[in-house]
Protein chains: 2
Amino acid sequence: MTVSIKDVAQKAGVSVATVSRVLGSGPVSDALRARVEEAVAATGYRPNLSARRLRSQHSQTIGLIVSDIRNPFFTAVSRAVEDAAFQAGMRVILCNTDENPDREAMYLRLMQEERVTGLIFAPTRATLARLDRAGLDFPVVLIDRSGPSGLYDSVVLDNQQAAAALVGHLHAQGYRRIAGLFGNTSTTAVERHGGYHAAMVAHGLTPDARFVPPYADAAEAEVAGWLADIQNPGAVRPEAVMVSNSLLLMGVVKAVRKHGLSIPGDLALAGFDNEAWTELVGPGLTVIEQPVHEIGAAAMNLLFERLEAPDRPTRKVVLSGTCVVRGSTAPLETFRV
Amino acid sequence: MTVSIKDVAQKAGVSVATVSRVLGSGPVSDALRARVEEAVAATGYRPNLSARRLRSQHSQTIGLIVSDIRNPFFTAVSRAVEDAAFQAGMRVILCNTDENPDREAMYLRLMQEERVTGLIFAPTRATLARLDRAGLDFPVVLIDRSGPSGLYDSVVLDNQQAAAALVGHLHAQGYRRIAGLFGNTSTTAVERHGGYHAAMVAHGLTPDARFVPPYADAAEAEVAGWLADIQNPGAVRPEAVMVSNSLLLMGVVKAVRKHGLSIPGDLALAGFDNEAWTELVGPGLTVIEQPVHEIGAAAMNLLFERLEAPDRPTRKVVLSGTCVVRGSTAPLETFRV
DNA sequence: GCTGTTATTGAAAACGATTACAGTGACGTT
DNA sequence: AACGTCACTGTAATCGTTTTCAATAACAGC
């Protein structure tokens with residue numbers, strides 16, 4: 001049915017080797033080259049990539065395993081990875097794990113069966129802990145999350161510094177009771193909590209950290225609890241909250257709106273990820289902007305460099321975020337006297 | 001280096017055929033099966049998918065070509081497609097075309113070289129017009145965009161009806177000067193414009209449609225033009241605008257905010273795609289919610305059905321959207337007497 | 001004991017490409 | 001004239017599987 005290199009060779013009256021050389025790069029006389037190209041066009045021949053990969057032992061494929069492509073951070077990263085990959089003539093296999101270690105294990109197995117050239121991976125804490133023992137025979141670059149173990153190259157945000165910057169900004173704007181809201185599954189949240197905690201202490205403030213499952217609902221419920229106390233003047237309610245990711249941030253905004261309260265009048269907000277909508281909500285939300293495209297591109301670079309030099313020591317690329325200040329953290333005194 | 005089925009066979013003292021049968025499904029005695037499984041575990045053997053695909057002539061791969069994965073609509077669809085694919089033991093190759101016909105052509109070629117089992121494709125109008133002549137030898141399901149030609153299965157929203165519903169809603173709320181803002185590349189926009197136009201005429205209103213490139217900036221600039229006239233009481237400015245996709249909608253919101261105007265007081269808004277942020281912006285934005293997950297799932301279903309019955313007549317699955325009413329289309333009389 | 005059946009098993013032929021190797025002229029050198 | 005070199009070109013091995021086909025053994029029926 002489908003036309004193979006042999007059919008092309010026959011039609012052009014040459015050997016398969018010659019056809020292969022025309023398609024790839026080898027010495028072929030102009031006359032034969034023309035005949036072959038004509039035969040290729042006439043037959044509509046397309047090389048079979050499975051056969052090519054099998055024979056050449058190069059899959060030209062890189063794996064990308066993230067928790068959920070619907071998370072805009074990973075969407076942007078994946079786009080950067082795919083652009084870089086296709087530019088280098090490689091394909092990408094994208095997998096969503098939903099933070100489920102079983103699925104992570106299954107996809108790691110898949111990566112081995114695909115004989116991927118390399119893998120870019122945002123693992124859960126659980127998988128990260130036993131990644132050393134997975135026996136992967138291709139280079140891995142971790143993104144977004146990474147452990148202290150220097151076994152793998154990685155690209156991460158400077159989470160400590162970013163969280164500290166948000167706390168510092170809120171402090172400078174006059175806020176003192178600054179709560180922190182964090183997801184309870186990723187190492188990212190752990191690091192951001194670290195930065196939050198250190199900065200609070202450094203400013204002589206009392207940390208007040210809450211950990212919730214990484215869903216908007218959970219954040220909304222948590223914050224709804226605080227806000228219910230608003231009628232009670234005696235209650236000590238946070239004046240501001242630092243939120244460790246955009247999904248939780250969305251939940252917090254929902255809770256505030258549902259209670260008919262105002263930002264930042266009743267609660268100041270600062271979060272992570274400069275998604276398009278953060279500019280449009282209320283007075284605009286102050287966020288840390290991650291260099292998402294750079295993170296994907298840097299991961300690909302690390303991967304390519306490691307492929308060239310497998311034995312160089314591993315590196316951790318730490319990129320810093322930018323604090324985008326908007327109305328959600330307006331100075332306290334401008335609206336409370 | 002990497003362990004092959006031959007190594008496993010040798011270690012277990014059996015033939016490669018037996019190993020293959022253990023891994024797949026074939027008659028193998030319990031004794032040998034145990035020996036093979038032990039050898040597999042001991043060697044850490046992983047079958048080579050390229051070899052398997054080459055030999056079995058089944059790629060177990062489906063292609064997914066969209067314009068940009070960062071468009072939340074496609075993000076959600078892709079997630080649905082991937083879930084369904086992995087459930088069926090298949091892989092997905094995801095490609096972003098940026099609405100560029102050259103890239104579409106290149107990725108179509110790639111799909112042929114990968115010998116994909118099937119393709120799910122959101123083509124530009126240009127590519128759609130010559131898709132018949134592409135000579136693809138695998139089934140294709142079109143999503144989001146589709147022509148009248150019944151050559152391919154497709155899954156689309158009932159765009160005419162949805163746009164008409166928005167116009168009808170705006171009309172019912174008391175608005176009369178209702179502008180329409182559409183992207184100028186996709187068939188989707190064409191259909192939505194059709195629904196808009198018909199509904200306007202049906203309500204005895206004068207259509208006022210503008211077509212812009214599908215970027216937030218373009219929409220923002222367009223609307224900024226209208227709003228500049230606000231000081232001029234003689235100018236006939238739209239009271240409301242129906243926007244044909246969420247990216248443009250974002251641009252419109254930006255323009256209104258930048259001019260310090262209010263929604264819906266100065267301009268009522270209705271758009272497409274119920275993204276999370278539309279609930280949080282201003283008074284909430286009225287939108288048509290597309291059944292995104294269903295669209296992806298339906299596309300996979302059509303694909304699987306066609307694989308089973310290649311000759312059945314093509315089908316077009318038309319799903320209808322839901323109108324989610326929010327504050328951006330509050331009744332005109334509530335704020336203007 | 002001979003034959004037919006059943007259940008396993010292995011040998012070997014694909015699948016469709018790349019590539020090492022050898023062969024063939026043509027041509028220039030000595 | 002003999003020989004080395006150069007530039008192509010074809011033959012055949014190979015990548016790691018699956019699958020066809022034949023071979024073998026065990027066992028029942030006669």
Side-chain angles (χ1 to χ4, degrees), chain A residues 1-37 39-40 43-61 89 91 109-117 137-138, chain B residues 1-37 39-40 43-61 89 91 109-110 112-117 137:
Chain A
M1 209 64 41
T2 164
V3 29
S4 83
I5 199 173
K6 213 178 293 182
D7 304 313
V8 176
Q10 194 163 18
K11 179 134 198 164
V14 301
S15 74
V16 294
T18 301
V19 178
S20 176
R21 280 190 273 254
V22 169
L23 268 46
S25 54
V28 180
S29 68
D30 292 348
L32 285 201
R33 179 179 300 273
R35 288 229 308 272
V36 168
E37 279 167 355
V40 166
T43 56
Y45 167 71
R46 292 282 159 236
N48 181 318
L49 285 183
S50 290
R52 184 175 275 183
R53 285 200 262 260
L54 172 59
R55 170 60 228 223
S56 67
Q57 299 288 70
H58 290 311
S59 69
Q60 301 288 70
T61 300
R91 248 69 56 206
R109 213 158 42 234
L110 174 64
M111 294 301 128
Q112 300 183 271
E113 302 189 350
E114 290 278 3
R115 303 289 193 268
V116 294
T117 305
D137 32 24
F138 44 76
Chain B
M1 211 65 39
T2 162
V3 29
S4 83
I5 200 174
K6 213 178 295 182
D7 304 313
V8 177
Q10 194 163 21
K11 179 134 197 165
V14 300
S15 73
V16 294
T18 300
V19 177
S20 177
R21 280 189 273 254
V22 170
L23 267 45
S25 54
V28 180
S29 68
D30 292 348
L32 285 201
R33 178 178 301 273
R35 288 229 306 272
V36 169
E37 278 167 353
V40 166
T43 55
Y45 167 71
R46 293 281 160 236
N48 181 318
L49 286 182
S50 290
R52 183 174 277 181
R53 286 200 264 256
L54 172 60
R55 170 60 228 218
S56 67
Q57 301 287 74
H58 291 312
S59 69
Q60 301 288 70
T61 300
R91 248 70 54 205
R109 212 157 44 234
L110 174 65
Q112 299 183 273
E113 302 189 350
E114 290 278 3
R115 302 291 191 269
V116 294
T117 305
D137 31 26

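To find a chain, count down the sequence lines: A is the first, B the second, and so on, and within it residues start at 1. Small disclaimer: the values here were computed from a predicted structure and weren't measured.
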Do you know which two heavy atoms are closest between A:G89 and A:R91, and how far apart they sit?
-> O-NH1, 3.6 Å

Of all heavy-atom pairs between B:Q112 and B:D137, which one has the smallest distance, and what is that distance?
-> NE2-OD1, 4.3 Å

A:D7 CG to C:dC15 C1', straight-line distance once rounded to whole Å | 13 Å

Starting at the 5' end of nucleotides 8-15 of chain D, put B wherever the base has a protein heavy atom under 4.0 Å, S where only the sugar-phosphate does, and a dash everywhere else.
-> SBBB-BBB

Any chance CD of B:Q10 has more than 12 other-residue heavy atoms, nucleotides or ligands included, within less than 6.0 Å?
-> no

Cationic N near anionic O, under 4.0 Å, B:R53 to A:E114 | yes

To the nearest angstrom, the CD-P distance between B:Q112 and C:dG16 comes to 16 Å

Whole angstrom value for the distance that separates C1' of C:dT18 from CD1 of A:I5 | 8 Å

Between A:V8 and A:V14, is a side-chain contact (heavy atoms from CB on, under 4.5 Å) present by the stated rule, with each step listed?
-> CA-CA 8 Å; A:V8 176; A:V14 301; over 6 Å; no

Rounded to whole angstroms, how far apart are CZ on B:R46 and C1' on D:dT17?
-> 16 Å

When rounded to whole Å, the CG to P distance for the pair B:L49 and D:dG16 reads 14 Å

Which pairs pass side chain to side chain donor-acceptor pair (under 3.5 Å) with one or both residues in residues 11-37 of chain A, sequence neighbours excluded?
-> A:S15-A:T18

